[in-house]
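Okay, so here's the structure we're looking at.
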Amino acid sequence: MAYDHKQIEKKWQQHWEDNHVFRAEDISDKPKYYILDMFPYPSGSGLHVGHPLGYIATDIIARYKRHKGFNVLHPMGWDAFGLPAEQYAIKTGTHPAVTTKQNIGNFRRQIKMLGFSYDWDREINTTDTEYVKWTQWIFLQLYHKGLAYEAEVPVNWCPELKAVLANEEVVDGKSEIGGHPVLRVPMRQWMLKITDYAESLLEGLEDLDWPHSVKELQRNWIGRSEGANVDFHIPAIHKDLTVFTTRPDTLFGATYMVMAPEHPFVKELTTPEQNDAVASYIEAASKKSDLDRTELNKDKTGVFLGNYAINPVNGNEIPIWISDYVIMSYGTGAIMAVPGQDQRDWDFAKAFELPIVRTVEPSDGFDGEAYTGEGPAINSDFLDGLYVEEAKSKITAWLIEEGKGEKAIQYKLRDWLFSRQRYWGEPIPIIHRDGSPSPLSEDDLPLLLPEVEKYEPAGTGESPLANISEWVEVKDESGNIVGLRETNTMPQWAGSCWYYLRYIDPENAEKGWNEAKEKYWMPVDLYIGGAEHAVLHLLYSRFWHHVLFDLGYVSTKEPFQKLFNQGMILGQDGTKMSKSRGNVENPDETVDQFGADAMRIYEMFMGPLEKAKPWSATGLQGCARFINKLWNVLFNEDGQLTDKINDDSVDEHTLRALHQMIKKVSDNLDQLHFNTCVSEFMIFTNHIQSKKSLNREILETFIICINPFMPHLAEELWKALGKETELTYEFWPSYDKSLLESDTITIAVQVNGKRRGEINVSAEALEEDVLKMAKSNEKVTAFIKGKEIVKEIYVKGRIVNIVVR
RNA sequence: GCCCGGGUGAUGGAAUUGGUAGACAUGACGGACUUAAAAUCCGUUGGCUGAAUAAGCCGUGCCGGUUCGAGUCCGGCCCCGGGCACCA
């Protein structure tokens, strides 16, 4: 009789749910294990087979850790604010909360059908008023710490749509919807001072068990550079122009200066003769999108301002230019140009015939343009002959002594633009009174979204909330307007910045989370999710967590101790799954046809979790076939347990196979090598398939091992064997080392490193006996006959190599 | 351009510290069962030479090195994937 996945899966899912089998104890004597998935945005299209990949992996680990005696926290929830629901609302008038609720229902159903062991009593939703309350509370903590401020910042303004667009809605300088032009215009925005935490975020990476690549990505994103600030005096305006450089050692080669067109000094530095040229250059630059300005390999443009600065190291007068290759938002918005050692400066110097002075001797045979390599300083007076590092220290010391500069550190990281001109997000709990912001008191939280009739933006670029005067206008008792509410809302990142803390204590009405529980559960032991969140989500939530740590609200500096990125599942054609390609595999059909367990083990069996790999219908079938095979080994035709199963005889080979399997599965699980675990189960199943007699205890042990991977099948088998205990909490078996290897082992014999034969020896055999046997092996003799044996090597239990001449 | 990954059969992929390359699965081929097919079971399956499940040679992107021995370590190249991109 075939394995009836539909009936069996339903039965056990019901059992788990009714009995709250996976409920985590709030605080327990058991060691804790917090295993977290990146929670999904519940989109309207539901899951495709790639989405649950990470959830399968975490579920396996969660179940494994329960078997290992851990109190496991394994929660799931919904990152439910977001643009698609709002866009749908604009189109149809359906409240985003309605759409969101429907979508969550569908996602929950799809996730539940895979039999995951989530503690559903801790389910959270970032749009719940109780959740929003604490998101806003954290915002207030940031505000009170001086980390939230307002600024005029360029946004993506689309005049045609009368809306501010998110970066991801702008493609090649045009709106994603409609293809209308998008301009960068300054608008009042809320910013979070993540730059204050640049050093902390950088340092925090060091002890994290994260993929090397993600750490590198974050380091590059933070972009720390060490160098010096150097002051160049400008006699014409009696001011100093400060520049940041990582190469102060090349100061003697600074032959001109360049400022960003937006630099505040530009106006006063422009001489009357240059006025027209400068004005039109600035005009042109402001019209360019960021994309145009950063376009690769483009020719350098710029205009001379007519004024000069004094190179502090040699007193030379050097011209000051503006060019859009210098950006205002990094460093001081101005540079000293050293064309001899910087390719961009070289290109600019060539274009405008500015002088080039080399200050580092290029290595022999160098035939490039700017030289950025190592070498002794030249044309640099007191630095001559010094290599780069020494020259840097010496010149920096000189600058400090002369009061013309200082050591400086710069970061590429910018402050976080935190406001969105949207409806479907957390309102920012701020009231503007007399033109200055004042925060809501914590007692007034949550600040809820008002009901609106239209979800379109206000047409001024403000959020739809700006249209609701009764919400915006804050009145006193006599009805006078005393303030205006902030109409911007928070970005989708906000809710996901701290959700892992709410899971710890989801029902708490007094606080975001209880300290004792936080102390018990944090940090997250294993966090699995897609690599697309390598920077933003993981940097933003680390930032919030660092702040909460400094404020004493959390007990660990870092939230996520170990991180792992699952790879993408591609379509059968080897390309990314997408509706337009028509290669989307649907988990509903897969589960309906083959069952949840088959889908679970197939996704694990496909290959290493972190790799991108194509879906294969036949591969999936193979896994379904395996489940049936195992079922048919244990059950006879009429669905009764086979009478091969008994309590007495223990077959030595089967026992050894069992212990080898336990060892490999345990080791592989610890390393998240799920694919090889599945093959171990196949190997063991192939082994017992032909056996006429099967020991009951061996089977029971095997069932515990497969339970994390195929929980429905395992539960059914457990019960069929007459077990009454809750399988989830059975102890994971340990393996007996003495059973792992047989008494005799096969050893390959090489002659000059080439395998020529093999011999069977006792595992305990002495080296000289093994070598004697190896040399007398007839296949080996043929290759050593008549030759001189130079060396004989025996690696115990592995290999023999005889070197002959 | 810069920074990370990665190149193993027809395919997805295995391979402790360097120690029998190709586990497990898919596909293909052959066989059993069947009126037939599906399902299931058994066998073969890296390439070349060969009648051969005799024997040998070659083989982990390419070239070179270290070593008794290299998929694994070192140097140089080629290709693919991801990220960043005028960051001074």
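Protein chains get the first letters and strands the later ones, always in sequence-line order, with residue 1 at the start of each.
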Report yes if a side-chain nitrogen or oxygen of [X] is closer than 4.0 Å to either non-bridging phosphate oxygen (OP1 or OP2) of [N]; otherwise report no.
X        : N     : answer
A:Lys629 : B:U40 : no
A:Thr676 : B:C24 : no
A:Arg625 : B:U26 : yes
A:Gln689 : B:C41 : yes
A:Asn675 : B:A25 : no
A:Arg755 : B:C57 : no

(message) Taking the nucleotide of RNA chain B with the nearest heavy atom to each, does A:Phe783 or A:Val214 sit closer to the 5' end?
(response)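 It is A:Val214 whose nearest nucleotide is closer to the 5' end.
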(message) Taking B:U17 as the reference, what is the distance to B:C73 when you measure between their C1' atoms (whole Å, please)?
(response)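 About 12 Å, rounded to a whole number of Å.
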(request) Spell out yes or no: do the side chain of A:Lys300 and the base of B:C86 have one donor N/O and one acceptor N/O closer than 3.5 Å? (result)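 Under the 3.5 Å cut-off, the side chain and the base do form a donor-acceptor pair.
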Just to be sure I understand the rule, does [X] reach a base, reach only the sugar-phosphate, or reach nothing, if contact means heavy atoms closer than 4.0 Å?
X        : answer
A:Arg219 : nothing
A:Asn686 : sugar-phosphate
A:Arg414 : base
A:Gly331 : nothing
A:Ile793 : base
A:Lys663 : nothing

(request) Among A:Trp346, A:Tyr330, A:Phe348, find the one that has a ring-ring contact (aromatic ring centres under 6.0 Å, His included) with A:Tyr325. (result)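 Running ring-ring contact (aromatic ring centres under 6.0 Å, His included) over A:Trp346, A:Tyr330, A:Phe348 with A:Tyr325 returns exactly one hit, A:Phe348.
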